[in-house]
Amino acid sequence: SGPEAQPVNFHMFVSRLRSHLSLSSCQGDTDNPDVQVEAAWILCNVFSGPSRHTQYLVDHHAVPALLPLLCSTSTAVKDQALWALGNCAG
């Protein structure tokens, strides 16, 4: 048997994801598009889960953190941000 699963501190998890998304602005290139794609991908998956998880992300400002990614020069970043926002919208 493997290690016992530990509960996730969802607030810290979302805060960390938002910090990785905030590496971008609409004023230029992304600082680290690979990290942004992965962070947006995680949010995309959480948004596709139970509605209580989506509501938690909305309440903790995940949507505004995704919006600047739509101005990214990276197609992959924009694509993943759009998927995440689409999953949030339902």
Side-chain angles (χ1 to χ4, degrees):
S1 129
E4 194 172 314
Q6 298 295 314
V8 174
N9 180 329
F10 210 56
H11 181 74
M12 184 180 292
F13 174 74
V14 172
S15 177
R16 178 67 72 127
L17 284 174
R18 280 196 338 254
S19 73
H20 287 305
L21 294 173
S22 69
L23 298 173
S24 171
S25 73
C26 284
Q27 317 220 327
D29 291 336
T30 59
D31 294 319
N32 194 335
D34 293 336
V35 171
Q36 291 170 328
V37 167
E38 294 302 321
W41 178 78
I42 292 167
L43 289 175
C44 183
N45 286 316
V46 175
F47 277 133
S48 69
S51 60
R52 70 182 186 278
H53 293 168
T54 298
Q55 189 61 54
Y56 186 92
L57 292 177
V58 169
D59 291 345
H60 290 85
H61 314 291
V63 173
L66 285 165
L67 296 178
L69 300 183
L70 300 176
C71 298
S72 173
T73 58
S74 167
T75 302
V77 170
K78 287 189 277 197
D79 186 55
Q80 202 55 249
L82 284 170
W83 273 104
L85 291 167
N87 282 357
C88 177

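What you see is a predicted model, and the numbers here were worked out from it, not measured in a lab.
Atom CG of Asn87 sits about 10.5 Å away from atom CG of Leu43, to the nearest 0.5 Å. Distance check: Gln80 CD to Leu85 CG gives 10.5 Å after rounding to the nearest 0.5 Å.
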> Is there a side chain to side chain contact (heavy atoms under 4.5 Å, CB included) between Glu38 and Trp41 once you walk through the steps?
Replying inline: CA-CA 5 Å; Glu38 294 302 321; Trp41 178 78; 4.2 Å; yes

- Derivation of the side chain to side chain contact (heavy atoms under 4.5 Å, CB included) call for Leu57 and Cys88: CA-CA 9 Å; Leu57 292 177; Cys88 177; over 6 Å; no

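When hydrophobic clusters are built by joining Ile, Leu, Val, Met, Phe, Trp and Tyr residues whose side-chain heavy atoms come closer than 4.5 Å, directly or via intermediates, Leu82 is grouped together with Leu67. Under the 4.5 Å side-chain heavy-atom criterion for grouping Ile, Leu, Val, Met, Phe, Trp and Tyr, Trp83 is not connected to Val35 through any hydrophobic cluster. Side-chain heavy atoms closer than 4.5 Å link hydrophobic residues (I, L, V, M, F, W, Y) into clusters, and following such links, possibly through other members, connects Leu69 to Ile42. Leu66 and Tyr56 fall within a single hydrophobic cluster, where Ile, Leu, Val, Met, Phe, Trp and Tyr are joined by side-chain heavy atoms under 4.5 Å apart, directly or via other members.
The two atoms that bring Val77 and Gln36 nearest to each other are CG2-OE1, 3.9 Å, heavy atoms only. Scanning all heavy atoms of the two residues, the minimum distance from Pro68 to Ala65 falls at CD-O, 3.5 Å. Scanning both residues, Ala40 and Ala81, for their nearest heavy atoms gives CB-N, 4.2 Å. Contact record, Phe47 with Ala84: CD1-O, 3.3 Å, taken as the closest heavy-atom pair.
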